[in-house]
Amino acid sequence: MQIGELAARSGLSTDTLRYYERQGLIDAQRSGNGYRRYPADVETRLALIRLAQGLGFSLAEIREVLG
């Protein structure tokens, strides 16, 4: 799915998704036209990231755990 669809489905902004990608929390593939394409399981990963943040974990800690 593309970044706009993922943003709408996850409730996160496209800026947040790009930030998470730069921080190594999520991965996207680039299509031929340069658009980001996210795998279907990224929604589950985002839910886990949001849950961990809600429990007080930093993004660095979350990245370490998710590997």
Side-chain angles (χ1 to χ4, degrees):
M1 82 185 73
Q2 292 183 352
I3 194 167
E5 182 182 354
L6 181 57
R9 292 176 67 149
S10 68
L12 297 169
S13 70
T14 56
D15 288 337
T16 299
L17 295 173
R18 288 184 196 104
Y19 178 74
Y20 285 176
E21 187 179 343
R22 285 192 308 272
Q23 295 302 309
L25 294 165
I26 60 174
D27 292 317
Q29 300 296 318
R30 294 291 183 142
S31 62
N33 58 9
Y35 290 168
R36 287 174 170 85
R37 301 283 305 169
Y38 294 93
D41 66 342
V42 76
E43 287 182 85
T44 303
R45 191 171 181 97
L46 289 171
L48 182 60
I49 291 168
R50 292 181 80 180
L51 175 65
Q53 282 184 303
L55 294 172
F57 289 91
S58 70
L59 290 179
E61 292 169 324
I62 296 167
R63 182 178 51 248
E64 186 177 323
V65 169
L66 293 178

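For the numbers below, each heavy atom of this structure counts, side chains included, while hydrogens, waters and symmetry mates do not.
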**Student:** To the nearest 0.5 Å, how far apart are OG1 in Thr16 and CG in Leu6?
**Tutor:**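 Nearest 0.5 Å value for the OG1-CG distance: 11.0 Å.
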
**Student:** How would you list all residue pairs meeting salt bridge (charged side-chain N to carboxylate O under 4.0 Å, His left out) that involve residues 6-31, not counting sequence neighbours?
**Tutor:**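 Qualifying pairs: Glu5-Arg9, Arg9-Glu43, Asp15-Arg18, Glu21-Arg36.
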
**Student:** Between Leu25 and Leu46, is there a side-chain heavy-atom distance shorter than 4.5 Å?
**Tutor:**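 In short, these two side chains do not touch, never coming nearer than 4.5 Å.
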
**Student:** Checking Glu64 now: which residues fulfil salt bridge (charged side-chain N to carboxylate O under 4.0 Å, His left out) with it, not counting sequence neighbours?
**Tutor:**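 Scan of Glu64 (salt bridge (charged side-chain N to carboxylate O under 4.0 Å, His left out), adjacent residues dropped) gives none.
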
**Student:** When you measure from the side chain of Arg63 to the backbone N and O of Gln23, does any donor-acceptor pair fall under 3.5 Å?
**Tutor:**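 Yes: the side chain of Arg63 pairs with the backbone of Gln23.
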
**Student:** Can you sort out the partners of Ala8 under side-chain contact (heavy atoms from CB on, under 4.5 Å), two or more places apart, ordered by chain and number?
**Tutor:**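 For Ala8, no residue satisfies side-chain contact (heavy atoms from CB on, under 4.5 Å) once neighbours in sequence are set aside.
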
**Student:** Residues two or more places apart in sequence or in another chain: which of them pass side-chain contact (heavy atoms from CB on, under 4.5 Å) with Ser31?
**Tutor:**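 Applying side-chain contact (heavy atoms from CB on, under 4.5 Å) to Ser31 gives Asn33, Tyr35, Arg37.
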
**Student:** Applying side-chain hydrogen bond (donor to acceptor under 3.5 Å, both in side chains) as the test, list every pair that has at least one member in residues 45-57; sequence neighbours left out.
**Tutor:**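 For residues 45-57: Tyr20-Gln53.
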
**Student:** Does the side chain of Val42 come within less than 4.5 Å of Leu17's, by heavy atoms?
**Tutor:**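 A side-chain contact under 4.5 Å is absent here.
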
**Student:** With Ser58, which residues qualify under side-chain hydrogen bond (donor to acceptor under 3.5 Å, both in side chains), at least two apart?
**Tutor:**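 Only Glu61 meet the side-chain hydrogen bond (donor to acceptor under 3.5 Å, both in side chains) criterion with Ser58.
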
**Student:** Could you go through Tyr19 and Leu59, starting from their C-alpha distance and side-chain angles, then the distance that decides it, and tell me whether this counts as side chain to side chain contact (heavy atoms under 4.5 Å, CB included)?
**Tutor:** CA-CA 11 Å; Tyr19 178 74; Leu59 290 179; 3.5 Å; yes

**Student:** Looking only at heavy atoms, what is the nearest atom pair of Ala7 and Ser13, with distance?
**Tutor:**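 Minimum heavy-atom contact is CB-C, 4.3 Å.
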
**Student:** In this structure, would Ile49 and Leu55 fall into the same cluster of hydrophobic residues linked by side-chain contacts under 4.5 Å?
**Tutor:**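 Yes.
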
